[in-house]
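Please read all numbers here as calculations on a predicted model, not as lab measurements. Numbers restart at 1 for each chain; the letters A, B, ... are given by sequence-line order, proteins then strands. Heavy-atom basis, side chains included; hydrogens, waters and symmetry copies ignored.
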Amino acid sequence: MNSKNGMFILGCFLIMTNACQKNPIPINEEELITTLTLSVQKNGSNTITQFSFEDIDGVGGMPATIDSLLLEKNATYQVSISLFNKAAIPIDTITNEVLEEGDMHQFFYQSIPNTTIKNFAYQAPNDINDNPIGLHFSFDTDNTPTIGKLKIILRHQPDKNGLAVYNGDITNAFGETDIEIEFPVRLIE
Amino acid sequence: MLQKILLTLLIIGTNFSFATDCSLFVSGKIIDQHDKSPLSYASIYIQELKKGVIADSIGNYTIENLCKGNYTLIIEHIGCLPDTIPIVIDKHTFANFYLAHHAAELQEFILTTFKVSDVSTQTHHVISKESLKRLEGKSIGEILSNVNGITQLKTGTNISKPIIHGMSGSRIVLINNGIKLESQDWGTEHAPEIDPFSASNIKVIKGVGSLVYSSDAIGGMIILETPSLKKYKNIQANVSLVAQTNGKSIATSAKIEQGFKKHIAYMLQGTYKRSGDVSAPQYVLNNTGLQEGNILSSIGFFKNKWDVDFSYSVFHQEIGILKAAHIGNLTDLQNAIASDTPINITPFSYRIQNPKQKIGHHIANAKIKKFFKNEQKLEIIYAFQLNNRKEFDIRRSNRSTIPSLDMHLMSNNIATSYARQNKINKSTSNGTSGISFQAQHNYNNAETGIRPLIPDYYSYSFGVYDLEYFTIKRAIIELAARYDYTRFKALKFDKNNVLQKPIFNFHTYAFVLGFNWIDLKEIFKIQSTISFNARYPNANELFSEGLHHGVAAIEFGNENLHPENAIKWMTTLTTNYKKYLQIETGFYASKVYDYIYVAPLPEPILTIRGAFPAFKYYQTNARLIGLDVQVNSAPLKFLSLQFKSSIVRGKNTKSNEYLIFMPADRLSSSMELHHDFKKIKNVFFNINVHYVFKQRKIPASITDLKPSPKAYYTLNMQTGCQYSINEKNKISFSVSGENITNVAYRDYLNRFRYFTDEMGWNLVFRLKYEFN
């Protein structure tokens, strides 16, 4: 509270009139992550497909919307993650914040069941200590058409030196979860 | 707590000096009738002037600044009904009073009485100056938990809120220096902004309390008395030093008071506290440090029948929040709970890192009193309070230095009261009537960049009350009523950032009918009160919307809530057997209509952080029944024994289920040896065992994150003494060991019991120097 504002409120208080009441300013929620978008490209293909998890109004309010991933069986995919705050004006790209503080963030990926998608691998860029961040990654799909889920987790301040954390094992990563979402996955012929 | 003042009264009047109009004094000694030894710390109170003093450790007392007239003195040593001794003051007077001193060894919680309007017939306990001395350096919540029937609602080791008879938060009203504390009491992690070092005694009323202050104390009222300004006294000062091994903490407090002949007196008091990470028996609790600085200053002017005083106090605290409790989502929470010890323990540090809280509370007030003839008094109080709460979180992109929450609550109160007394034959009636106004504004700093949990609001209230006390022979009857109107206007943004201005109008009523009687031989005393009162929903119950990180839950307010109404009946019986054994039994039953509580929503809420369980405020009917039993015994002159137990049962009568988070049953036993030597007084050794049962009375429909913890005990000891260098200078010293056996335990009512054990063993060293 600046002192001018304080004096105004204090002065008004003594008179206690309606006219004195000040309207609050709407808050620009800079830090909110409303949207996570996966840009998915099959090896050997030029097509990039996007799938999003979106919850524009944050906690409560309207429910979140989630796209389903439609992938080919027995293929290798390259994925890049983009994060946005669409509640902020102008729309804010949070991807850059994560990239800048790469040593404080790491993505983890899980497949449910673990046969639907496999061989998750971190792709460059790495953080300043050459540890993975995970904004870019690749995976292989199963040999048979099936359905499953792809879970994406972002940990803030993880222990990047924890056992197997480098390889994407979340068990010893600790830290605080900033993102934990699941995309439905369908593998087709 | 029964003590009879025998009317063995010796008054020696001397023509000491010429008396100017109102500068007479009465002084003397309070003496044990049996062995003629002086009684320390008795209270002497002049009913007509509504002022009193406490005798010193060797029984000396002085009441100054008296006008000629007939007065009624009330003298108490270890609690009893206010008893009256008439005295005529027409010159400086020396009067020694002889008391039957059979229960003087029962040292804890000496009952003292200051204001008739505060006394009431309701069951109350006073933590005396002497008891406070033994608890210096502890938080207000910890100090209060020494009273039977009072427990703590904790968040970690530093944040403690009192629970009276199973109720806490905004159901409890705190009065600090005659002013109702207006703080952001909107969650379990908001502790009262009070410096216990500034209190001369603390009174706990297990009922509605005095309707002078407010009517919404459904659980109880806590009154902190700060020392009254010493009108004609010379310099008085004290310095305290408290060091604790667990947390490697240090607390120091100093106070100076002085009265000048020219009708001016002042007081200045300051406290500083610093603590590092505290430790559980097996590990360090990272980021549990604390830093606190408080100042209280007051100045008073007294002329003829006018008293005017001004005071200003500031409380500032920075508290680290346990690192292990900081979690992002439900998975993190489940991981933290599944792990028996915190993950990633780092060595001890004094550093307070995010997440942390910074709290500031300022009170500025002015009090004007005018005394009229026939014991009438008019009082006007104005108080301004500013409460600022900043919460810092771990944030991205260098935002960690920007608070995630920054709220300012400003309150303006003006109250005026008129007190009077009537005497008809052998009965006396004391009455107080008054009106009060409040204007309050809650303001969020928009620079946090996070939607506030509680919106901005303006609220205006008006209250009117009347209290009557009738003293008829050995009985006191209390009748009190109060009406309050509150207009509450919130300014909040909906999900589309459109400003909404919902307005609420609340009308609340309170009534108290109390009865207090003591038999002639003082073997039997009964206090019985029936009360009706109401509390309107507060800002978080109406509007809260957001994620509570510590418990990984989303909480929603409910704008359809209306005031909750409570009826409470409480009866306390005190019996004395052969002067050596005293039993105090307090029984209470309260029914709360439209009791406001949180209940889980059927579906969890999906967010980008994962799915969270969601809770919303609802209303139901509740019933709380309980029993507080205390046995004091002094079988030998140097030995006293104490046993305490309290039980409370809370039921949601609509769903016929237990209420969640009710205090578990508990027992506490202590033994104390004490002796006074010639120069070294008050030598004591105290050993205490505190036992808390497992809470099994929990609602079946609400799944707790972790089952209620096992029963536990703690063993505590304290020893100390007081050395009088001369009449004016004395030094007291004590050492206490808490949880000596280093038991690892968890308490049902600590919100961080999901993550860590309670504090391990701790040694506390206390040193105090007093100058009179």
Side-chain angles (χ1 to χ4, degrees), chain A residues 1 5-6 9-10 12-16 18 20-36 53-64 66 83 87-88 94 96-98 100-101 104-105 153-157 159 162 170 172 174-182, chain B residues 326-332 335-336 343-344 384 386 388 394-399 404 406 408 410-412 437 439-441 443-452 455-456 458 460 489 491-499 501 545-547 549 554 556 605-612 614:
Chain A
M1 180 178 63
N5 214 338
I9 291 163
L10 181 62
C12 270
F13 233 82
L14 300 171
I15 340 175
M16 301 182 196
N18 247 1
C20 249
Q21 294 181 355
K22 262 187 74 171
N23 285 343
I25 314 156
I27 283 168
N28 197 8
E29 286 199 275
E30 293 165 357
E31 247 178 320
L32 194 69
I33 305 171
T34 61
T35 311
L36 182 146
F53 176 103
E54 193 159 81
D55 186 12
I56 298 283
D57 56 5
V59 171
M62 297 293 288
I66 310 155
L83 305 173
I94 293 177
N96 292 337
E97 284 185 10
V98 172
E100 280 160 25
E101 292 184 344
M104 306 255 256
H105 291 91
I153 299 162
L154 172 64
R155 286 277 168 94
H156 189 199
Q157 296 189 337
D159 178 11
I170 200 166
N172 296 304
F174 311 124
E176 182 198 335
T177 306
D178 271 0
I179 294 176
E180 182 173 319
I181 52 174
E182 286 174 355
Chain B
H326 193 252
I327 46 179
N329 75 351
L330 202 56
T331 314
D332 296 356
N335 289 341
I343 299 154
N344 258 347
F384 172 75
L386 170 63
N388 177 222
I394 299 164
R395 304 176 72 174
R396 277 195 314 275
S397 294
N398 299 322
R399 289 193 197 95
S404 310
D406 183 4
H408 299 77
M410 276 168 278
S411 313
N412 266 289
F437 298 91
Q440 196 171 64
H441 175 36
Y443 163 82
N444 278 282
N445 183 353
E447 283 155 29
T448 56
I450 290 178
R451 259 181 101 89
D456 288 18
Y458 288 88
Y460 304 99
K489 181 180 177 186
L491 299 104
K492 61 164 214 166
F493 291 98
D494 65 10
K495 283 289 175 189
N496 302 315
N497 265 344
V498 178
L499 189 64
K501 296 183 178 177
E545 181 172 12
L547 189 59
H549 279 266
I554 294 169
F556 294 106
I605 287 184
L606 185 68
T607 76
I608 202 155
R609 282 175 189 259
F612 290 92

Participant: Side chain, backbone, both or neither: which part of B:Lys492 has an atom under 4.5 Å from a heavy atom of chain A?
Facilitator: neither
Participant: Measure the spacing between CG of A:Leu154 and CD1 of B:Ile608 and express it to the nearest 0.5 Å.
Facilitator: 9.5 Å
Participant: How about B:Leu606 and A:Ile66: do any of their side-chain heavy atoms sit closer than 4.5 Å?
Facilitator: yes
Participant: Between B:Asp332 (side chain only) and A:Thr177 (backbone N and O only), is there a donor and an acceptor less than 3.5 Å apart?
Facilitator: yes
Participant: From A:Ile25 CD1 over to B:Asn497 CG, what is the distance, rounded to the nearest 0.5 angstrom?
Facilitator: 12.0 Å
Participant: If I measure from the heavy atoms of chain B, does A:Asn23 come under 4.5 Å with its side chain, its backbone, both, or neither?
Facilitator: both
Participant: Where on B:Ile450 is there a heavy atom nearer than 4.5 Å to chain A: the side chain, the backbone, both, or neither?
Facilitator: both
Participant: Quick one: what part of A:Ile94 sits under 4.5 Å from any heavy atom of chain B, side chain, backbone, both or neither?
Facilitator: side chain
Participant: Report the residues that fulfil salt bridge (charged side-chain N to carboxylate O under 4.0 Å, His left out) with A:Asp178, sequence neighbours left out, ordered by chain and then residue number.
Facilitator: B:Arg396, B:Arg609
Participant: Go through the atoms of B:Leu491 and report whether side chain, backbone, both or neither lie under 4.5 Å from a heavy atom of chain A.
Facilitator: both
Participant: Under a 4.5 Å cutoff for heavy-atom pairs, which residue among A:Ile153, A:Ile181, A:Thr34, A:Val98 has the most contacts with chain B?
Facilitator: A:Ile181
Participant: About how many Å separate OG1 of B:Thr331 and CD of A:Glu180, when rounded to the nearest 0.5 Å?
Facilitator: 3.0 Å
Participant: So which residue, B:Gly610, B:Ala614, B:Ala611, ends up with the most heavy-atom pairs under 4.5 Å with chain A?
Facilitator: B:Gly610
Participant: Can you tell me how far OG1 of B:Thr448 sits from CD of A:Glu31, rounded to the nearest 0.5 angstrom?
Facilitator: 10.0 Å
Participant: Can you tell me how far apart CD (A:Gln157) and CD1 (B:Ile394) are? Round to the nearest 0.5 Å.
Facilitator: 5.0 Å
Participant: Let me know if A:Pro63 has heavy atoms under 4.5 Å from chain B in its side chain, its backbone, both or neither.
Facilitator: neither
Participant: Taking every heavy-atom pair that is under 4.5 Å apart, which of B:Leu499, B:Asn388, B:Asn444 has the most such pairs with chain A?
Facilitator: B:Leu499
Participant: Given heavy-atom pairs under 4.5 angstrom as the criterion, report whether the side chain, backbone, both or neither of B:Phe612 touches chain A.
Facilitator: neither
Participant: Got a second to check how far A:Leu32's CG is from B:Arg451's CZ, nearest 0.5 Å?
Facilitator: 10.0 Å
